[in-house]
Amino acid sequence: MRPLPLPLALTARLAPVAVLATAGWALSSGPDPTTPAAKDETPPDTVHRSASAPATETVTKTYATAPAPCESLAGKTVTSLVPGAKAAGKEIPSTDTAVRRTCSWNALKGYDYRWLDVSFEVMASDEAALKSYKERVADRSGGGEVPGLGDAAYSVVNLTTEDGQQTREGTVLVRAANALVMITYNGSDFESKKAPSSDTVNKGAIKAAKEAVAALEEG
């Protein structure tokens with residue numbers, strides 16, 4: 001994968017008949033002299049009623065900000081998955097780094113090319129993250145669950161061929177409370193025009209995902 005690339009107005013209207021009926025009743029029924037004036041009646045305690053109304057619930061977020069993605073993987077992990085790449089990586093510009101951050105590593109060693117992205121996205125609630133997770137998984141058919149990783153994790157590997165050159169890409173998506181972690185890992189061999197095996201790509205992506213989730217939890 002290339003750098004990862006995060007009220008209705010209600011109108012109440014009284015029917016004319018109801019207005020006329022009300023007006024007629026008011027005109028035909030004057031105040032009863034034996035009844036105390038209306039101003040002496042105690043009005044409803046609207047002030048206390050409003051003050052005692054339940055306050056809006058505050059959503060507790062497990063993760064408030066996205067961690068530094070370029071520091072989420074060990075240097076040896078980066079160099080093993082992307083031979084020839086600098087361990088520091090390159091962070092992709094984001095419009096809101098508190099919510100979304102991505103780091104990318106890529107290198108060509110000989111004829112062997114590898115690309116790795118680690119992305120963190122923090123959402124407003126667990127429910128929002130779960131909804132986004134389900135939608136993204138639905139867009140990536142052919143994969144399977146990764147047990148023991150976050151609250152839910154999904155992995156898929158796809159092969160593409162362009163001008164005879166194969167590229168195999170693995171994606172791992174993890175939901176951890178109100179955060180999503182996404183790993184994209186792909187590779188090509190420009191000499192043989194073949195791609196690394198599905199097992200190689202899938203295991204590499206899952207390895208990176210485990211370290212990234214650990215960095216999220218520690219951060």
Test log, rule side-chain contact (heavy atoms from CB on, under 4.5 Å), inputs Thr65 and Val122: CA-CA 6 Å; Thr65 59; Val122 174; 5.7 Å; no
Indicate yes or no for a side-chain donor-acceptor contact from [X] to the backbone of [Y] under 3.5 Å, with no hydrogens or angles considered.
X      : Y      : result
Arg114 : Leu116 : no
Tyr154 : Gly143 : yes
Asp189 : Lys194 : no
Thr161 : Gly164 : no
Asp163 : Gln165 : no
Tyr133 : Ala179 : no

Would you indicate whether the side-chain heavy atoms of [Y] and [X] approach each other to under 4.5 Å?
X      : Y      : value
Thr160 : Gln166 : no
Val137 : Leu173 : yes
Ser125 : Asn178 : no
Cys70  : Lys90  : no
Val172 : Tyr185 : no
Glu191 : Asp112 : no

Quick one: do the [X] and [Y] side chains pair a donor with an acceptor below 3.5 Å?
X      : Y      : value
Asp117 : Thr102 : no
Ser188 : Thr167 : yes
Ser119 : Arg101 : no

Other residues, nucleotides, ligands: >12 heavy atoms within 6.0 Å of Tyr111 OH: no
Greater than 12 external heavy atoms within 6.0 Å of Glu135's CD: yes
Can you see which heavy atom on [X] is nearest to which on [Y], and at what distance?
X      : Y      : value
Ala66  : Thr97  : CB-O, 3.9 Å
Val201 : Pro196 : CG2-CG, 3.8 Å
Ala176 : Leu216 : CB-CD2, 3.9 Å
Tyr63  : Ala177 : CE1-CB, 3.9 Å
Val174 : Ala153 : CG2-CB, 4.0 Å
Met123 : Ala128 : SD-O, 3.5 Å

Side chains of residues 77-89: which donor-acceptor pairs under 3.5 Å do they make with residues two or more places apart or in other chains?
residue	atom	partner	partner atom	Å
Thr77	OG1	Glu211	OE1	3.3
Thr77	OG1	Glu211	OE2	2.5
Thr79	OG1	Gly75	O	3.2
Thr79	OG1	Lys76	O	3.2
Ser80	OG	Lys76	O	3.2
Ser80	OG	Thr77	O	2.8

Joint hydrophobic cluster, Leu73 plus Ile206, side-chain heavy atoms closer than 4.5 Å: yes
Verify same cluster id: Trp115, Leu108 (apolar side-chain graph, 4.5 Å): yes
Interatomic spacing from CZ in Arg175 to CZ in Arg136 - rounded to 0.5 Å: 13.0 Å
Intermediate values then yes/no, side-chain hydrogen bond (donor to acceptor under 3.5 Å, both in side chains), Ser197 and Thr200: CA-CA 5 Å; Ser197 69; Thr200 296; 2.8 Å; yes
Arg140 and Thr171: CA distance, side-chain angles, deciding distance, side-chain hydrogen bond (donor to acceptor under 3.5 Å, both in side chains) verdict: CA-CA 9 Å; Arg140 296 170 171 82; Thr171 301; 4.6 Å; no
